[in-house]
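Data block below; observations after.
Residues: numbered from 1 along the sequence shown.
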Amino acid sequence: MKIQYRLWLGDEGEKVLGSGPVALLKGIASTGSLSASSRQMGMSYSKAWHVIRRLEQHLGLELVVRRVGGSRGGGATLTADAAELIERYEVFCEEVEQFIGNAYSEHLGDWLESRGNRNPD
């Protein structure tokens with residue numbers, strides 16, 4: 001048996017920060033474009049903007065610097081706060097995963113394993 005879970009931070013019953021918004025931010029960092037990042041994720045550009053705006057609003061941080069198009073085209077880059085948010089979120093997730101794995105082993109894993117070979121015919 002394998003542990004499965006989803007982890008996100010919410011505000012007033014609304015999902016705010018999780019793997020999706022973090023992937024969107026990481027895509028912006030790697031492509032220099034919100035449009036390209038949203039395409040990679042199969043998300044519409046307008047939905048991607050909504051995710052970023054909502055995230056910025058709830059966190060009270062500017063995460064994406066937008067460059068309006070023109071002769072050299074537009075683009076987007078992450079702020080230092082966004083880069084730190086990604087790093088901290090990923091470390092947080094690693095620690096939560098370790099904690100959940102340890103708790104599973106301690107409370108259920110060994111117990112289930114010791115009983116799993118029984119056939120209740």
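- Annotation: salt bridge (charged side-chain N to carboxylate O under 4.0 Å, His left out) contacts of Glu14 (sequence neighbours excluded): Arg54.
- In this structure, CD in Glu113 is found 12.5 Å from CG in Leu108, a value given to the nearest 0.5 Å.
- Hydrophobic clustering of Ile, Leu, Val, Met, Phe, Trp and Tyr side chains at less than 4.5 Å, counting indirect connections, keeps Val51 apart from Val65.
- Residue pairs meeting the side chain to side chain donor-acceptor pair (under 3.5 Å) criterion with at least one member in residues 21-33, sequence neighbours excluded, are Lys26-Glu90.
- In this structure, Ser44 OG and Trp49 CH2 are separated by 13.0 Å, a value rounded to the nearest 0.5 Å.
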Table please: side-chain donor-acceptor pairs of residues 91-99 below 3.5 Å, with sequence neighbours left out.
none

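- Distance check, rounded to the nearest 0.5 Å: CG of Leu25 to OG of Ser37 gives 8.0 Å.
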Mind running side-chain contact (heavy atoms from CB on, under 4.5 Å) on Leu59 and Leu85 for me, showing each step along the way? CA-CA 10 Å; Leu59 298 177; Leu85 175 66; 3.7 Å; yes
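- Between the NE2 atom of His58 and the CG atom of Leu17 there is a distance of 11.0 Å, given to the nearest 0.5 Å.
- Val64 is not listed as a side-chain neighbour of Thr79, based on a closest heavy-atom distance of 4.5 Å or more.
- Note that CD1 of Ile100 is 6.5 Å distant from CD1 of Ile3, once rounded to the nearest 0.5 Å.
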Between Leu34 and Leu24, does a side-chain contact (heavy atoms from CB on, under 4.5 Å) hold up when you go through it step by step? CA-CA 8 Å; Leu34 177 64; Leu24 185 60; 3.9 Å; yes
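- Cluster membership for Leu55 and Tyr45, using ILVMFWY side-chain heavy atoms within less than 4.5 angstrom, is shared.
- The CD1 atom of Ile52 lies 13.0 Å from the CD atom of Gln57; values are rounded to the nearest 0.5 Å.
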For Ile28 and Leu63: C-alpha separation, side-chain torsions, deciding distance, then whether side-chain contact (heavy atoms from CB on, under 4.5 Å) applies. CA-CA 11 Å; Ile28 293 169; Leu63 301 172; over 6 Å; no
